[in-house]
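Report on the following structure.
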Number of protein chains: 2
Amino acid sequence: MKSKITLKELSKLLNVSISTVSKALHDSPEISPKTAERVKELAKLHNYRPNPVAVNLKKSKTGTIGVVIPNISNSFFARVLSGMEAEAQKHEQQVITYISNESLDREKQICDMLTSGMVDGVLIAVSEETQKKQEYDHLFALLDYDIPVVIYDRINLGLPADKIGVDDEKSFYDATKFFKEKGLEKIGLASAIHHVGIGQLRIKGYEKGMQDLDSLYMATSTKPAELKRKIKELITSEKVEALLCTDFESSIMATRIAYEENIKVPEELKLIGYISKEVAEYLTPSISYIEQHPQELGSQAVEVLNNRLEGKYESGQFEEKIIATTMVHLESTGF
Amino acid sequence: MKSKITLKELSKLLNVSISTVSKALHDSPEISPKTAERVKELAKLHNYRPNPVAVNLKKSKTGTIGVVIPNISNSFFARVLSGMEAEAQKHEQQVITYISNESLDREKQICDMLTSGMVDGVLIAVSEETQKKQEYDHLFALLDYDIPVVIYDRINLGLPADKIGVDDEKSFYDATKFFKEKGLEKIGLASAIHHVGIGQLRIKGYEKGMQDLDSLYMATSTKPAELKRKIKELITSEKVEALLCTDFESSIMATRIAYEENIKVPEELKLIGYISKEVAEYLTPSISYIEQHPQELGSQAVEVLNNRLEGKYESGQFEEKIIATTMVHLESTGF
DNA sequence: CTGAAAGCGCTTACAG
DNA sequence: CTGAAAGCGCTTACAG
């Protein structure tokens, strides 16, 4: 039980002033090499560590960044967090995690608490409910309090903040094009997130890729039973040759339906999912997927925030970064 | 851009002293109702929030707890974190997340930084490498600095700290018994984590459940290729009727091999996995699994830590809580 | 080269 | 009932 030693105690032990000790430990040129050495030696002996709370108060900052995550069970966000933590670590920042559970109320609570100055900046993926109700006052409150906000992943909401996301539209455009180039014609899309921003972008990419808007085959619903029925119809009645899925639910459901209906993947149906590597690889058959590089997204989000904190961006102007996606081919596309 | 108002500014505006303002806001009986009201009104108007860093310095605490997570992509840990965050929220504590990536070095770095007093207490699931090398000095360092530590999930390491975990041994004992009662005889076990504590406990539960140690069928390896070969042998040559899997890798691999070898699940082979609800439900066929209630584990871990911080436990004596598991039957057991 | 002083924003025992 | 003072642990401009 060493119980932390303070500058004051150190200074008493050394018979010098607190200022001298502090300066010595910061390699100030004001201090003679001799005293500097004495001080450092004793500090090391006692394993002195400055009290971070005191340092932060003095420097009028907190050394922490707040991350708001809509749903941590979604391994995409878990990986994003991991990238953030790694990058923050490099900047000696602590990551405080808040989970909104896709709830507007919870998000408001979190933002409210953050306005008190718990953190130097905030990284947020706006919850689904918030997007639906388009209530962004709590986010503006953060900006009012001069707390920089970086919006990650769910970025097409027209908010005045730095943003970093994934090229959702292009990824689906490319995937659609890919199937077309392979000579497939009947290409469908399944989505359980057609009502939220990123879902809409992915659908847009699909539509652009198809060009002819009469040849679209879409199964969309937020209700599992309804989505299932619709996907089944696409696969069995319409007999689409390929199916793009915009999210975890629809990807898994499509795999499942193909299995139940005895439709062979990839021979009779080719699938591309929007799911994490881990799940994609382990499904049977494994599902080709669009890799979003979540860790990269996370680490760059922290980078953007720190640039903002360090004044590297002009105020009033906002950064918008897009991370390119990669298509990963596994068994379900069979190429 | 409101830029936070301070007590000092408030007091100037009101023509009273800082102390008076502070007391009024804390409903001190020392203050006259009249001034109290005046103060509160203005505070509300300016949306005054005490600077948390200053409050913490004054109170010699940080208001935060540190959580060390070995691997956030593992949805078990993601859910544990979610439970911790929810509980911490109730206590108005912030959760600072650190990811060790199962690395001893990283874990040491984290603990080293934590000894400086970043947090009031630490929740940790010890990394695999740390367990393998049995190097726990960095954890003792935390205790030396009087920072309470709660070990969660990976608890059988004989460390002198409060612990909260899952009843790994019993869960496998029960699962084994369950198969036996259904009249199955050839019951096998697959494991990619036989070298770490929790793996060993699960295996022990299996062994106890089998009683006759000559009738064990085990496939264990940390190398995917070798594990695959061994599981395949159990399923095809040995023709076990049921297989218990101790972890994500072996669960998924077993499903996969059954599919590849055209062995029908559950008709020819019954499977129980140790994986998250989300993945279990979505596999084809869905996999019966042992539910560990990770959120519960997380929230109780925070509870234990707070009890310790509040001096509700005797020092020198350690709590050890066990969360009971539940078996969830899906298609792969077919009962 | 060293130290006294002010101050970061707050709380609280104490004096009046 | 109100306020001056000390102090949480640190940093840094300033005086000597």
Side-chain angles (χ1 to χ4, degrees), chain A residues 2-40 42-43 46-64 92 115-120 145-147, chain B residues 2-40 42-43 46-64 92 115-120 145-147:
Chain A
K2 294 177 196 167
S3 104
K4 291 184 53 59
I5 193 167
T6 64
L7 276 191
K8 201 203 254 181
E9 293 161 330
L10 231 37
S11 75
K12 204 161 288 172
L13 255 37
L14 288 158
N15 265 319
V16 294
S17 72
I18 296 180
S19 346
T20 303
V21 178
S22 175
K23 286 177 195 161
L25 293 174
H26 285 87
D27 293 314
S28 159
E30 285 183 26
I31 303 297
S32 76
K34 236 178 60 190
T35 10
E37 200 185 341
R38 271 184 69 217
V39 171
K40 287 186 176 175
L42 194 74
H46 287 273
N47 208 342
Y48 169 76
R49 320 290 300 269
N51 177 329
V53 177
V55 174
N56 289 335
L57 177 60
K58 185 69 209 169
K59 298 197 171 161
S60 302
K61 55 157 202 166
T62 67
T64 62
E92 302 201 299
T115 55
S116 77
M118 300 277 4
V119 299
D120 293 334
Y145 275 97
D146 232 11
I147 299 172
Chain B
K2 295 177 196 165
S3 105
K4 291 184 54 57
I5 195 166
T6 64
L7 276 192
K8 202 203 253 180
E9 293 161 331
L10 230 36
S11 75
K12 204 162 286 172
L13 254 37
L14 289 159
N15 266 317
V16 294
S17 74
I18 296 180
S19 347
T20 303
V21 178
S22 175
K23 286 176 195 162
L25 293 174
H26 284 87
D27 292 315
S28 159
E30 286 183 27
I31 302 297
S32 76
K34 235 177 63 188
T35 11
E37 200 186 343
R38 271 185 68 215
V39 170
K40 286 186 178 177
L42 194 74
H46 287 275
N47 207 342
Y48 168 76
R49 321 289 300 270
N51 177 329
V53 177
V55 174
N56 289 336
L57 177 60
K58 186 68 210 171
K59 298 196 173 162
S60 302
K61 56 156 202 165
T62 68
T64 62
E92 301 201 297
T115 55
S116 78
M118 301 277 3
V119 298
D120 293 334
Y145 275 97
D146 231 11
I147 299 172

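The chains referred to below are lettered A, B, ... by the order of the sequence lines, with proteins before strands, and numbering in each begins at 1.
- To the nearest 0.5 angstrom, A:Y48 atom OH is 9.5 Å from A:I5 atom CD1.
- Comparing the P positions of D:dA4 and C:dG7 gives a spacing of 16 Å, expressed to the nearest Å.
- Between C:dG9 and B:T6, no contact under 4.0 Å exists linking OP1 or OP2 to a side-chain N or O.
- One finds the CD1 atom of B:I31 at 11.0 Å from the NZ atom of B:K40 (value rounded to the nearest 0.5 Å).
- Distance CD (B:E30) to P (D:dC1): 10 Å, rounded to an integer number of Å.
- For the residue pair B:T62 / B:D120, a side-chain donor-acceptor distance below 3.5 Å is found, with atom types taken as modelled.
- If you check the side chains of B:S19 and B:S22, you find no donor sitting under 3.5 Å from an acceptor.
- Between the CE atom of B:M118 and the C1' atom of D:dC10 there is a distance of 14 Å, given to the nearest Å.
- Residue A:T20 places at least one side-chain N or O under 4.0 Å from the OP1 or OP2 atom of C:dG3.
- For C:dC8, the OP1/OP2 oxygens have a side-chain nitrogen or oxygen of B:K8 closer than 4.0 Å.
- Distance B:L57 CG to C:dT12 C1': 14 Å, rounded to the nearest Å.
- Comparing C:dA4, D:dT2, D:dG9 by their nearest atom to the side chain of A:S17 picks out C:dA4.
- As judged by a 4.0 angstrom heavy-atom cut-off over every strand, B:P33 is placed among residues touching the sugar-phosphate backbone only.
- Within the 4.0 Å cut-off from OP1 or OP2 of D:dG9, not a single side-chain nitrogen or oxygen of A:Y48 is found.
- Proximity of B:T35 to the phosphate of D:dC1: no side-chain N or O atom is located under 4.0 Å from OP1 or OP2.
- OP1 and OP2 of D:dG3 both lie 4.0 Å or more from every side-chain N or O belonging to B:S19.
- A distance of 14.0 Å separates CG of A:N51 from NZ of A:K58, quoted to the nearest 0.5 Å.
- Pair check for D:dC1 finds C:dG16; Watson-Crick or G-U wobble, both atom distances under 3.5 Å.
- When rounded to the nearest whole Å, the span between NZ of A:K23 and C1' of D:dT11 equals 9 Å.
- Residue contacts for B:V53: at a heavy-atom cut-off of 4.0 Å it reaches no nucleic acid atom on any strand shown.
- Per the geometry, CG belonging to B:L7 stands 12 Å off P belonging to C:dC8, to the nearest Å.
- Each of B:S32 and B:S60 was assigned the nucleotide of DNA chain D with the nearest heavy atom; the assignment lying further toward the 5' end belongs to B:S32.
- Taking atom P on both nucleotides, C:dT2 is separated from D:dG9 by 25 Å, rounded to a whole Å.
- For the pair A:N15 CG and C:dC1 P, the computed distance is 20 Å after rounding to whole Å.
- Computed from coordinates, the A:I18 CD1 to D:dC10 P distance equals 9 Å when rounded to whole Å.
- Contact of A:K58 with D:dG9 (side chain to base): no donor-acceptor pair of N or O atoms is detected under 3.5 Å.
- Atom NE2 of B:H26 is separated from atom P of C:dC10 by 10 Å (rounded to the nearest Å).
- Listed pair A:S22 / D:dT12 fails the phosphate criterion, with no side-chain N or O lying under 4.0 Å from OP1 or OP2.
- With values rounded to the nearest 0.5 angstrom, A:T35 atom OG1 is found 11.5 Å from A:E30 atom CD.
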